[in-house]
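What follows is a single structure, written as structure tokens, with notes after it.
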Amino acid sequence: MAARAAARTVSAAAELCPGMEVIDVHAHLGRWGYPGSEGVVDELRRLLDRSGFSKVIISSGMAIAYDVPGGNAEVARAVESDERIYGSVVFNARDGKESREQVERYADHPRFVAAKYHPAYTGLALNAAENLKVIELIARKKLPLTFHSWTGDGAAAAEVARRFPKLPMIWFHALATDYRKAAELARDLPNVYLDYVTSTQERGKVELLVERLGADRLLFGTDQSLFEPIRPLGQLIEAEICERDRRKILAGNARELFRFDGR
Amino acid sequence: MRILDNHCLFGRWMKDDRDVSLKKLLSALRSMGAEHGVAVSLRGVFYDHDAGNAETLEVCRRHRELVPAATINPQHYFGRGSLPARLVRQGFRMLRFFPNLQGWTPQGVVFERVLGECAKARLPVAFPIGKASDLASQLCRIAPKGCRVVLSDVYYGGLAECIEVLRRRPEFLMEAGHTCVPGGLEVACREVGAGRVVLGTNQPLESGLGAVEAIRRSELSSRDQAAVLGGNLSRLLGGI
């Protein structure tokens with residue numbers, strides 16, 4: 001391979017959406033095992049330089065896949081290393097005591113701004129009794145709950161949203177290919193927000209979600225270090241929506257939801 | 001840098017409300033700054049490949065930014081002549097398959113025959129890998145020597161398998177266009193060379209701007225970026 005391209009001085013955000021802030025609410029630290037990313041904090045910093053995102057909320061891939069306390073501790077170190085990086089505490093209610101301890105430990109940390117759950121790794125639906133006990137604590141601590149939501153997770157996610165109406169929930173991936181259903185469910189659940197990222201950048205998806213749910217409840221997330229982060233940005237830039245809505249999705253809603261203005 | 005997209009469709013999308021009209025394709029290509037798109041009519045995918053191929057040729061004559069790609073449904077292929085040879089004479093530059101939309105797998109002998117005919121006719125073939133990485137391995141074993149196969153729709157989960165297939169089959173290429181982990185493109189180019197990767201973004205079904213920008217902002221050299229964005233595909237298609 002020939003020498004690397006000269007480093008671009010202008011970030012993707014500055015070039016593609018000049019004057020707009022971009023906050024990535026859905027990102028990870030850690031490797032997923034596929035060719036490319038190492039998932040380390042230095043790489044995340046380089047990706048932030050390249051993308052120009054002002055803030056990123058990360059959860060630990062290791063905590064999701066294998067070691068909850070070890071992964072959350074890695075995130076705690078990462079958030080101290082760069083002012084753009086914020087954390088999300090991962091829980092796995094298969095070990096309820098440990099999960100509650102983890103939430104207690106990080107909920108008051110000034111740079112942990114959310115909790116994260118991934119049912120595909122635990123095998124427990126979001127509305128499982130074990131999870132509800134932890135979610136109750138998360139609601140008490142006033143941490144928004146982020147959740148990997150895939151096709152088939154809609155009923156469980158909606159039940160939790162109804163049970164905890166004051167708990168902001170972000171359905172990452174918006175039920176994947178069932179995003180129309182996600183918009184339909186979320187319309188009647190004012191505490192639910194969606195992020196639209198999946199591995200396929202479907203044209204027209206953002207427009208449909210804005211039309212059916214409204215831009216106020218959409219958030220920008222990339223799923224980096226699993227996914228290359230500039231692709232979902234391109235998807236939003238290409239979406240045929242007004243600039244006001246684009247600004248809300250890129251950063252405005254996240255600023256309000258995660259109270260970044262007060263931090 | 002010239003941007004040439006190997007993966008474009010037009011027609012009607014019967015599965016949901018997405019707009020895949022010719023007008024949408026042309027505007028999508030403009031929106032991502034692409035100079036040319038290699039396009040297939042969906043009539044040939046969902047209904048009849050002969051009728052679809054005729055439509056593709058006719059549309060590409062009217063719109064010079066589109067390069068004609070044919071399609072063949074192996075389930076409807078039972079004549080004794082070589083359709084790929086005829087397609088090359090008609091001006092097609094690529095043959096794209098749609099097994100996932102048509103309900104077949106690459107294990108059939110008809111498909112094997114078509115690959116053989118494509119190799120003889122020097123017609124490159126694009127085949128979707130999707131998230132099932134073992135499809136690339138199947139193609140590696142089935143395609144006769146000299147058959148130029150573009151592994152299309154490659155996602156992060158199939159990248160390791162595709163890289164290994166490209167190592168074994170020097171005449172194969174792969175598309176960059178779908179989501180891979182950060183650094184995935186750089187790994188692929190380091191392992192098999194930037195000359196083996198072409199842009200393919202599934203226009204207008206998917207947004208293409210992010211795919212192009214991800215390549216432009218990758219750690220590849222400017223020369224390699226130009227090769228991936230357009231140079232390699234131009235060469236594969238015989239110069240456009």
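So you know, we letter chains A, B, ... as the sequences are listed, proteins then strands, and number each from 1.
The contact between B/V181 and chain A is made by backbone and side chain atoms together, counting heavy-atom distances below 4.5 Å. With a 4.5 angstrom heavy-atom cutoff, B/L159 touches chain A via backbone and side-chain atoms both. Of the two parts of B/A188, neither the backbone nor the side chain holds a non-hydrogen atom closer than 4.5 Å to a non-hydrogen atom of chain A. If you measure heavy-atom distances from B/Q203 to chain A, the contacts under 4.5 Å come from the side chain alone. Only the side chain of A/L208 comes within contact range of chain B, with at least one heavy atom under 4.5 Å from a heavy atom of that chain. For A/R31, no part lies near chain B; criterion is any non-hydrogen pair under 4.5 Å. Of the two parts of A/L226, the backbone and the side chain both hold a non-hydrogen atom closer than 4.5 Å to a non-hydrogen atom of chain B. The contact between A/E240 and chain B is made entirely by side chain atoms (from C-beta outward), counting heavy-atom distances below 4.5 Å.
Counting heavy-atom pairs under 4.5 Å between each of B/G183, B/P182, B/G210 and chain A puts B/P182 at the top. Heavy-atom pairs under 4.5 Å with chain B peak, among A/G234, A/P35, A/A12, A/S37, at A/P35. Here B/G208 is the residue among B/G193, B/G208, B/G195 with the most heavy-atom pairs under 4.5 Å with chain A. When each of B/V212, B/V20, B/D16 is scored by its heavy-atom pairs under 4.5 Å with chain A, the top score falls to B/D16.
Smallest separation of non-hydrogen atoms from A/R180 and B/D17: NH2-OD1, 2.7 Å.
In this structure, the side chain of A/R231 engages the main chain of B/H178 through a donor-acceptor pair within 3.5 Å. A donor-acceptor contact shorter than 3.5 Å is absent between the side chain of B/R18 and the backbone of A/E202. In terms of modelled atom types and a separation under 3.5 Å, the side chain of A/R50 and the main chain of B/R217 share a donor-acceptor contact. Checked by atom type and distance alone, the side chain of A/E238 pairs as donor or acceptor with a backbone atom of B/L209 at under 3.5 Å.
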### Message
Using the rule given for side chain to side chain contact (heavy atoms under 4.5 Å, CB included), can you reason through A/L16 versus B/E213, listing the C-alpha separation, both sets of side-chain angles and the distance that settles it, and then say yes or no?
### Response
CA-CA 9 Å; A/L16 297 175; B/E213 287 299 327; 3.8 Å; yes
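Residue A/R244 places its CZ atom among 12 or fewer non-hydrogen atoms of other residues, nucleotides or ligands, all under 6.0 Å distant. Atom CZ of B/R12 has 12 or fewer neighbouring heavy atoms from other residues, nucleotides or ligands inside a 6.0 Å radius. Around the CZ atom of B/R93, the shell of radius 6.0 Å holds more than 12 heavy atoms that belong to other residues, nucleotides or ligands. Applying the 6.0 Å contact sphere to CD of A/E83 captures no more than 12 heavy atoms from other residues, nucleotides or ligands. Within 6.0 Å of OH in B/Y47 there are 12 or fewer heavy atoms belonging to other residues, nucleotides or ligands.
For the atom pair CD (A/Q235) and CD (B/E206), the distance works out to 9.0 Å, reported to the nearest 0.5 Å. Distance CG/B/D153 to OG1/A/T200: 8.0 Å, rounded to 0.5 Å.
Classified by interplanar angle (parallel below 30°, tilted 30° to 60°, perpendicular above 60°), the ring pair B/Y156/A/F227 is tilted.
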